[in-house]
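The structure appears below as structure tokens.
The chains referred to below are lettered A, B, ... by the order of the sequence lines, with proteins before strands, and numbering in each begins at 1. Source: prediction; values computed, not measured.
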Number of protein chains: 2
Amino acid sequence: MPNTSSFTTSKLSQCEHKLNTVIHGDCIEVLKTFPQDTFDLIFVDPPYYLQLPKGKRLKRADGSEIIPVDDKWDKFKNYEEFDQFTLNWLTECQRVLKPTGTLWVIGMYHNIFRVGKIMQDLGIWFLNDVIWVKLGALPNLNGRRFTNNHETLIWAVKNKYCKSYTFNYELLKEINNGKQMKDTDWLFPICTGNERLRDGNGIKVHTTQKPLSLIKRVVLTASNKGDLILDPFLGTGTTAVAAQGLGRKWIGIEKEKKYVEIAKKRINMAN
Amino acid sequence: MPNTSSFTTSKLSQCEHKLNTVIHGDCIEVLKTFPQDTFDLIFVDPPYYLQLPKGKRLKRADGSEIIPVDDKWDKFKNYEEFDQFTLNWLTECQRVLKPTGTLWVIGMYHNIFRVGKIMQDLGIWFLNDVIWVKLGALPNLNGRRFTNNHETLIWAVKNKYCKSYTFNYELLKEINNGKQMKDTDWLFPICTGNERLRDGNGIKVHTTQKPLSLIKRVVLTASNKGDLILDPFLGTGTTAVAAQGLGRKWIGIEKEKKYVEIAKKRINMAN
DNA sequence: GCAAGGCATGAATCTACAT
DNA sequence: GATGTAGATTCATGCCTTG
């Protein structure tokens with residue numbers, strides 16, 4: 001079972017949240033309740049602001065439809081609104097990140113450049129941009145672009161003076177057959193099959209569920225057992241499952257009640 | 001020999017520049033002399049603003065020094081100055097790009113996120129972000145980060161309404177053994193060996209010379225024979241050599257007299 | 001039990017042309 | 001720089017059924 005005792009370590013005793021729980025609420029409001037310099041690792045999978053063409057559905061040759069990301073949590077009026085939202089959560093993430101901790105943000109070309117620039121403007125210092133090569137990604141169905149076959153993870157520290165951040169270099173080298181791990185050595189299948197959470201009708205519960213293998217690599221790279229991990233957009237709980245399984249403590253924040261319920265159930269099942 | 005006749009086609013007759021020549025001058029000032037909607041393909045390899053630690057030189061195990069990018073053209077006071085510079089050349093590139101043309105910008109995590117956001121703010125519309133996987137890249141020498149093993153190319157059109165841009169989909173598919181080309185299928189060796197331009201003392205002439213193979217793929221992807229290509233930061237002329245060799249017309253702009261001379265010599269040699 | 005084949009599906013800013 | 005309609009287009013993977 002998850003450890004749900006209240007914080008006892010220094011920083012954490014300053015707030016009333018419990019370890020290894022999903023907090024249902026607005027990400028930015030909840031983040032403000034944490035003391036600064038609290039988390040060893042923050043993994044963020046924010047909305048991508050996809051801007052799909054309206055009212056059109058892409059179809060396969062057999063007539064079946066591609067289910068797009070058309071969720072209300074991915075809608076913004078314009079770039080300005082998106083940027084302000086991004087600035088708000090990034091400001092809080094930077095504040096609650098330990099000087100020895102690292103921040104990971106995943107995104108695609110729709111959003112990652114904007115997010116990256118806002119990070120740099122806040123003084124967040126980049127270590128790498130890691131390419132998750134998506135095995136089994138959807139091809140480009142109209143033959144008008146290249147296959148979108150990757151997502152980008154920005155790996156960063158609180159500011160440019162943070163030098164003693166956690167990085168399990170030797171472990172990663174070992175995973176990579178004794179060779180130094182590259183920012184392009186991140187090949188993982190997309191989340192499908194039995195791993196993909198589905199409702200009673202076989203419909204996927206979350207449009208953008210990430211593969212556990214990817215999040216595990218992040219956790220192994222940049223945290224140690226007993227460290228505290230935060231995911232401010234927990235969704236259906238993949239980060240929590242990865243953290244729990246690898247002996248890390250964690251806190252997740254999620255706004256959608258539906259996802260919170262599913263995440264809780266899933267985390268209990270995994271124990 | 002290069003075709004140095006004056007422009008005869010519609011747009012190009014409006015200015016006095018000649019085809020297939022290197023223009024020595026400030027990129028933004030020269031760009032302003034071109035009429036709008038002029039170029040079929042614009043390839044941009046701008047300064048990366050690397051912000052190296054001052055006065056330190058990384059050394060290999062044998063004691064030899066790594067020569068960093070420490071050129072004056074890569075220096076900026078701060079992000080603000082860099083952003084303004086970026087906005088200036090991007091504004092002009094967008095203006096002179098044909099509605100059927102595409103714009104390519106290459107960069108690394110130091111600059112590409114800022115550049116990408118500024119592009120989006122101008123209404124430039126992304127098609128893909130392509131990952132050049134660098135074969136033979138320098139490993140991370142102190143084991144504190146992942147190997148920097150890629151650069152990112154943003155591929156974009158003038159605005160979101162540009163649909164009939166040039167994309168040689170079938171050719172790229174053929175190059176890729178009959179499978180749709182992916183944004184992660186761009187594996188090319190870094191520019192070394194005989195391809196790397198060196199002075200009489202064996203010192204590399206340009207710190208960031210790009211491999212011809214990479215630029216050729218860009219040219220093949222997004223232009224046809226006879227099309228007009230622009231490189232506003234020509235450097236030592238790789239884009240010109242690629243364009244010339246593939247039967248495209250081209251214009252290059254370069255501020256550093258040293259690079260202009262070398263590029264001219266190199267282009268003549270290649271003919 | 002095992003192999004082969006059918007079938008479903010995945011963060012999608014996926015077109016061209018006419019009005 | 002809006003709206004509508006017809007029409008062209010794809011690859012890898014995992015699960016399940018069939019033989």
Response to the item:
Sorted by chain and number, sequence neighbours left out, salt bridge (Lys or Arg N to Asp or Glu O under 4.0 Å) with A/D227 holds for none
For [X], answer base if it contacts any base atom (sugar-phosphate contacts may also be present), sugar-phosphate if it contacts only those atoms, and nothing otherwise; contact means non-hydrogen atoms under 4.0 Å.
X      : value
A/R196 : sugar-phosphate
A/P211 : nothing
A/T207 : sugar-phosphate
B/Q120 : base
A/R57  : base

Worksheet item: Given B/W104, which of B/F43, B/W155, B/W132 fulfils the ring pair (Phe, Tyr, Trp, His ring centres under 6.0 Å) condition?
Response: B/W155
Fill in: Results of side chain to side chain contact (heavy atoms under 4.5 Å, CB included) for B/K160 - residues two or more places apart only
B/W125
Practice prompt. Output the residues of residues 142-149 of chain A in contact with DNA chain C, where contact means a heavy atom of the residue under 4.0 Å from an atom of the strand; sort by number or write none.
Written response: A/N142, A/R144, A/R145, A/N148
Worksheet entry | DNA chain C contacts made by residues 163-185 of chain B, counting heavy atoms under 4.0 Å | B/K163, B/S164
Worksheet, complete the sentence: Outer limits of DNA chain D sitting under 4.0 Å from a non-hydrogen atom of chain B, read 5' to 3', are D/dG1 to D/dA12
Fill in: Paired and unpaired positions of DNA chain C as dot-bracket, Watson-Crick or G-U wobble under 3.5 Å, | denoting a partner strand
.|||||||||....|||||
